[in-house]
2 protein chains.
Amino acid sequence: MNKRQADTIAEQIEERIFDGSFAHGDRLDEVRLAEQFGVSRTPIREAIQRLALSGLVELIPRRGAFVRQPGPVELIEMFEVMAELEAVCGRLAARRISDAALTELAEANRKCQQAVAQKDADSYYLENEHFHRIIYEQSGNGFLAQEAAKLHKRLQPFRRLQLRFRGRMAQSMAEHESIVQALRSGEAERAANVLRDHVAVQGEKFHQLMANLKNTPG
Amino acid sequence: MNKRQADTIAEQIEERIFDGSFAHGDRLDEVRLAEQFGVSRTPIREAIQRLALSGLVELIPRRGAFVRQPGPVELIEMFEVMAELEAVCGRLAARRISDAALTELAEANRKCQQAVAQKDADSYYLENEHFHRIIYEQSGNGFLAQEAAKLHKRLQPFRRLQLRFRGRMAQSMAEHESIVQALRSGEAERAANVLRDHVAVQGEKFHQLMANLKNTPG
DNA sequence: GTCAATGTTTTTGTATACAAGATTTCAATT
DNA sequence: AATTGAAATCTTGTATACAAAAACATTGAC
């Protein structure tokens with residue numbers, strides 16, 4: 001599939017928003033970006049349109065495009081929704097999951113634990129995402145899986161922060177174990193509840209972190 | 001807020017997709033649309049970009065934009081997700097709903113029943129949407145409310161079909177009653193379950209309808 | 001010194017022009 | 001007659017040009 005310039009540009013701008021190169025409130029100057037990417041304004045505008053739709057950018061008519069990082073309140077809301085989506089995926093997956101997927105899930109979890117033991121943050125994220133993605137897909141509902149993956153991706157950069165909490169990774173691994181067990185034994189409601197809490201605690205930890213950062217000078 | 005041409009054009013094309021003027025697989029010809037709307041290709045392209053992001057249109061590079069109506073499977077999946085989203089909204093709203101919203105809800109329900117009695121389909125839809133939207137918003141989670149409303153809107157045209165079932169409207173009204181009761185008494189789980197079933201049954205009815213249509217010649 | 005008004009400069013939104021890839025047509029060959 | 005290949009045509013993607021609105025600055029009045 002031959003990509004358009006607008007596609008790659010959108011991804012790159014998105015990347016810069018995620019990694020903080022663009023902060024909240026920054027205006028995306030079309031001509032400036034056009035120069036930077038060595039293209040005309042047209043593909044830049046297309047890229048901005050997409051970012052606007054995905055919510056990373058606010059488009060004010062006749063004024064321009066402004067980077068819109070979600071504030072603490074919206075983030076907590078998003079984590080709450082993520083928790084509920086995962087719970088639904090888990091409830092459905094408990095009834096529908098295949099044996100192959102169950103072993104794949106255990107394998108992903110094993111690699112996850114290994115990454116934790118080696119303090120390899122990057123591969124931890126990779127395997128953790130894989131773990132969750134399996135559950136999304138085993139919900140047997142492609143639309144749900146897609147929506148869950150989309151929100152997961154959007155929250156990914158913020159998830160990273162909660163790593164800082166001592167012992168969180170170990171606890172997280174224990175939760176993964178419970179999840180696998182519940183899915184294996186087909187306990188729909190337990191799978192839902194464990195998954196919901198597993199994600200919700202991330203939101204709470206994040207909340208705490210925000211509060212701490214606010215109270216800590218410098 | 002001063003709208004751009006691209007905004008209104010996107011809405012109009014969306015409308016035509018919903019009402020069936022554009023069928024699945026139709027290509028959206030840029031020059032043709034530009035002529036029809038009396039503008040240049042630029043705003044048309046912007047509009048198409050948006051529709052692509054919302055999933056109503058598939059964008060194939062160097063080939064064009066094609067209308068993509070969801071098939072039966074995807075529709076059932078979407079209804080399932082809608083049911084779960086409503087359930088979540090209900091569970092949260094049962095704890096968070098305000099007294100003012102409760103009376104507003106009862107009022108919307110009353111108008112809904114009135115519309116049913118008068119067989120006024122249009123105002124039924126209007127009031128039904130209002131009823132559900134109140135619940136979304138009373139979840140206390142703006143992000144969730146937004147997502148729920150978005151999916152609700154996308155399913156709206158298909159919801160219309162299930163009207164054909166005899167007695168469905170009356171049953172639906174009874175379900176609304178149960179929902180209001182559960183929310184009023186703060187029974188979170190019951191609110192969730194009633195709402196889930198209320199929406200899920202629509203998906204099932206829709207499923208039946210599809211099967212019937214397939215078996216019925218002409 | 002402050003504020004308002006007006007003119008200048010940016011910047012967005014739209015139109016048009018151009019280039020490259022896709023599709024169609026039509027003829028030539030098997 | 002069917003198939004292949006090349007030319008012609010159409011369509012998308014990108015660049016540039018232009019118009020209108022918003023931001024900015026300068027000047028003048030109080």
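Proteins get letters first, then strands, A, B, ... in listed order; numbering begins at 1 in each.
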What's the CD-C1' distance between Gln49(A) and dT12(C), to the nearest Å?
12 Å
Is any side-chain nitrogen or oxygen of Gln5(B) closer than 4.0 Å to OP1 or OP2 of dT14(C)?
yes
Heavy atoms from C-beta onward define the side chain here; which of dT12(D), dT14(C), dT14(D) lies closest to that of Ser40(B)?
dT14(C)
Tell me: CZ of Arg62(B) to C1' of dA20(C), nearest whole Å?
5 Å
Find the distance Glu46(B):CD to dT12(D):P and express it as a whole number of Å.
16 Å
Select base, sugar-phosphate, or nothing to describe what Arg63(B) touches, counting heavy atoms under 4.0 Å on all strands.
sugar-phosphate
Is Arg32(B) touching bases, backbone alone, or none of the nucleic acid, heavy atoms closer than 4.0 Å?
nothing
What is the distance, to the nearest angstrom, from the CD1 atom on Ile60(A) to the C1' atom on dT12(C)?
13 Å
Any side-chain donor paired with an acceptor under 3.5 Å for His132(B) and Glu86(B)?
yes
What contact category does Val31(B) fall into here, base, sugar-phosphate, or nothing, at under 4.0 angstrom with non-hydrogen atoms?
nothing
Rounded to the nearest angstrom, tell me the gap between atom CZ in Arg41(A) and atom C1' in dA17(C).
16 Å
Starting at atom CD1 of Ile44(B), determine the distance to atom C1' of dG13(C), rounded to an integer number of angstrom.
14 Å
Toward the 5' end of DNA chain D, by each residue's nearest nucleotide, Thr42(B) or Asp29(B):
Asp29(B)
Hey, are Gln114(A) and Arg110(A) close enough side-chain-wise for a donor-acceptor pair under 3.5 Å?
yes
Can you measure Glu35(B) atom CD to dT16(C) atom C1' for me and round it to whole angstrom units?
15 Å
Cut-off 3.5 Å, side chains only: do Asp19(A) and Ser21(A) have a donor facing an acceptor?
yes
Rounded to whole Å, CZ of Phe37(A) lies from C1' of dA15(D) at a distance of 17 Å
Are side-chain N/O atoms of Gln12(B) and Arg16(B) paired as donor and acceptor at under 3.5 Å?
no
Side chains of His130(A) and Glu104(A): donor-acceptor distance under 3.5 Å anywhere?
yes
Does the side chain of Arg45(A) get closer than 4.0 angstrom to OP1 or OP2 of dT14(D) through an N or O atom?
no
